[in-house]
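Along the sequence shown, residues are numbered consecutively beginning with 1. Each ligand, and each atom within it, is numbered from 1 in the order the structure gives.
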Amino acid sequence: MSMPALPLVIDTDTGSDDAVALLLAAASGMGDIRAVTTVAGNVPVETGTRNALISLQTAGRSDIPVYVGCQRPMTRALSSAQHVHGQDGMGDIGLPDPLATPQEVHAVEVLLSLPRRHPGELTLVTLAPLTNIAAALLRDPLLLSRFRHVYCMAGAADLAGNVSPTAEFNVWADPEAARVVTQAATPDKVTWIGWDVSRRDAVMTPADQRRLKQIGTPMATFAHRINRTVADWARDVTGLAGYDLPDPVAMAVALMPGLVIEREQAYVDIATDGLTRGQMVIDRRVTAPPPNLTLVRRVDEAGFKELLFDTVAASG
Ligand code: RIB
Ligand code: CA
């Protein structure tokens with residue numbers, strides 16, 4: 001007997017990996033997306049919104065409402081990741097404009113109102129800098145508790161960074177927002193899936209990339225083509241055996257928590273300045289404050305990739 005689809009709210013800065021995560025949520029049959037909220041990060045928020053609409057359309061779900069959020073981090077100018085994902089965030093392959101347009105209501109208003117209307121029912125999955133979530137938290141300190149659970153693609157618990165020696169992009173791009181979230185979080189409600197998980201258990205090897213290309217369905221071809229730019233960056237900068245999929249593996253954990261092999265609870269603070277900007281400061285001492293986050297450390301790679309390939313193989 002299949003499980004009922006998981007009611008979801010997804011916060012995204014839609015770049016090429018966010019797009020694959022949106023396919024998983026929209027087309028796997030395991031997600032029931034109630035709202036997509038966008039935020040500045042990989043690309044300016046207008047571009048990320050366009051990309052979210054394109055991704056949902058590719059999944060055959062142009063009906064899902066998309067709400068535009070914050071234009072820049074809380075206190076800093078936006079530092080995008082267009083050098084990683086391409087100027088348009090989707091590999092610069094000339095994707096046509098989406099048919100749908102975003103809603104008029106601001107994303108932060110939706111992040112505040114939906115969990116109040118559906119207390120304990122919605123799972124929030126964040127795939128971006130935490131600016132929208134922090135803005136909502138400053139208006140409703142109990143926000144996180146109103147969700148069933150909050151999964152964040154955020155941080156690097158092993159301190160091996162992607163955007164800097166020790167920081168992961170989503171936390172680095174808006175460390176003040178990440179800190180607002182960690183200070184409001186409890187480990188029973190908030191789980192972080194960091195870049196340490198992605199670079200170890202969600203790397204698309206050359207064989208995986210060939211398999212994705214050979215599937216040949218619209219979603220598989222889309223997922224393969226939009227990740228060409230990030231594949232080059234991964235090879236030239238991170239030295240990984242392929243490109244990793246941080247947002248899709250975080251989404252997979254939200255949809256299938258049984259994929260988690262190893263997790264821990266810890267007290268986490270966030271460094272905000274200088275060389276350690278965006279670094280997770282994890283206190284595992286006996287005298288540490290009570291844990292505020294659950295940190296996923298390892299995921300079932302084969303199970304994740306099976307979900308990915310099965311989902312995109314469906315003819316959208
Ligand atoms: O560090 C990886 C994260 O930064 C992912 O969410 C990716 O889309 C970028 O936003
Ligand atoms: Ca992202």
- Query: Do Val181 and Val268 belong together in a cluster built from hydrophobic side chains that touch within less than 4.5 Å?
  - Reply: yes
- Item | Min heavy-atom dist Pro246 to ligand 1 below 4.0 Å | yes
- Test item: Arg146 side-chain N/O and Leu122 main-chain N/O as donor-acceptor pair under 3.5 Å: no
- Task: Look only at the side chain of Asp92 and the backbone of Gln87, and say whether a donor-acceptor pair between them is shorter than 3.5 Å.
- Result: yes
Heavy atoms only: give me the nearest [X]-[Y] pair and the separation to one decimal.
X: Val39; Y: Pro129; answer: CG1-O, 3.8 Å
X: Gly86; Y: Val43; answer: O-CG1, 4.4 Å
X: Ala167; Y: Gln279; answer: CB-N, 3.9 Å
X: Lys189; Y: Leu144; answer: CD-O, 4.0 Å

- State the atoms of ligand 1, each with its element, that fall below the 4.0 Å cut-off from a heavy-atom position in Asp18. 8 (O)
- Query: Taking only heavy atoms of Asp13, which atoms of ligand 1 are found under 4.0 Å from at least one of them?
  - Reply: 10 (O)
Who's the nearest protein heavy-atom neighbour of [atom], and how far?
atom: atom 6 (O) of ligand 1; value: Asp247 OD1, 2.6 Å
atom: atom 8 (O) of ligand 1; value: Asp17 OD1, 2.5 Å
atom: atom 9 (C) of ligand 1; value: Asn42 OD1, 3.1 Å

- Nearby protein N/O/S atoms (those under 3.0 Å) for the Ca ion (ligand 2), with water ignored: Asp13 OD1, Asp18 OD1, Asp18 OD2, Leu127 O, Asp247 OD2
Contact partition for [X] relative to ligand 1, non-hydrogen atoms under 4.0 Å:
X: Leu127; result: backbone
X: Val163; result: neither
X: Asn162; result: side chain

Side-chain donor/acceptor pairs under 3.5 Å, residues 242-258, sequence neighbours excluded:
from, atom 1, to, atom 2, distance (Å)
Asp244, OD2, Trp195, NE1, 2.7
Asp244, OD2, Ser198, OG, 2.5
Asp247, OD2, Asp18, N, 3.4

- Does CZ belonging to Arg228 count more than 12 external heavy atoms closer than 6.0 Å? yes
- Message: If we count only N and O atoms by modelled type, under 3.5 Å, do the side chains of Asp208 and Thr205 hold a donor and an acceptor together?
- Response: yes
- Just going by heavy-atom distances, which of His85, Glu168, Met153 is nearest to atom 1 (O) of ligand 1? Glu168
- Could you tell me whether Arg298 and Asp201 have a side-chain N and a carboxylate O separated by less than 4.0 Å? yes
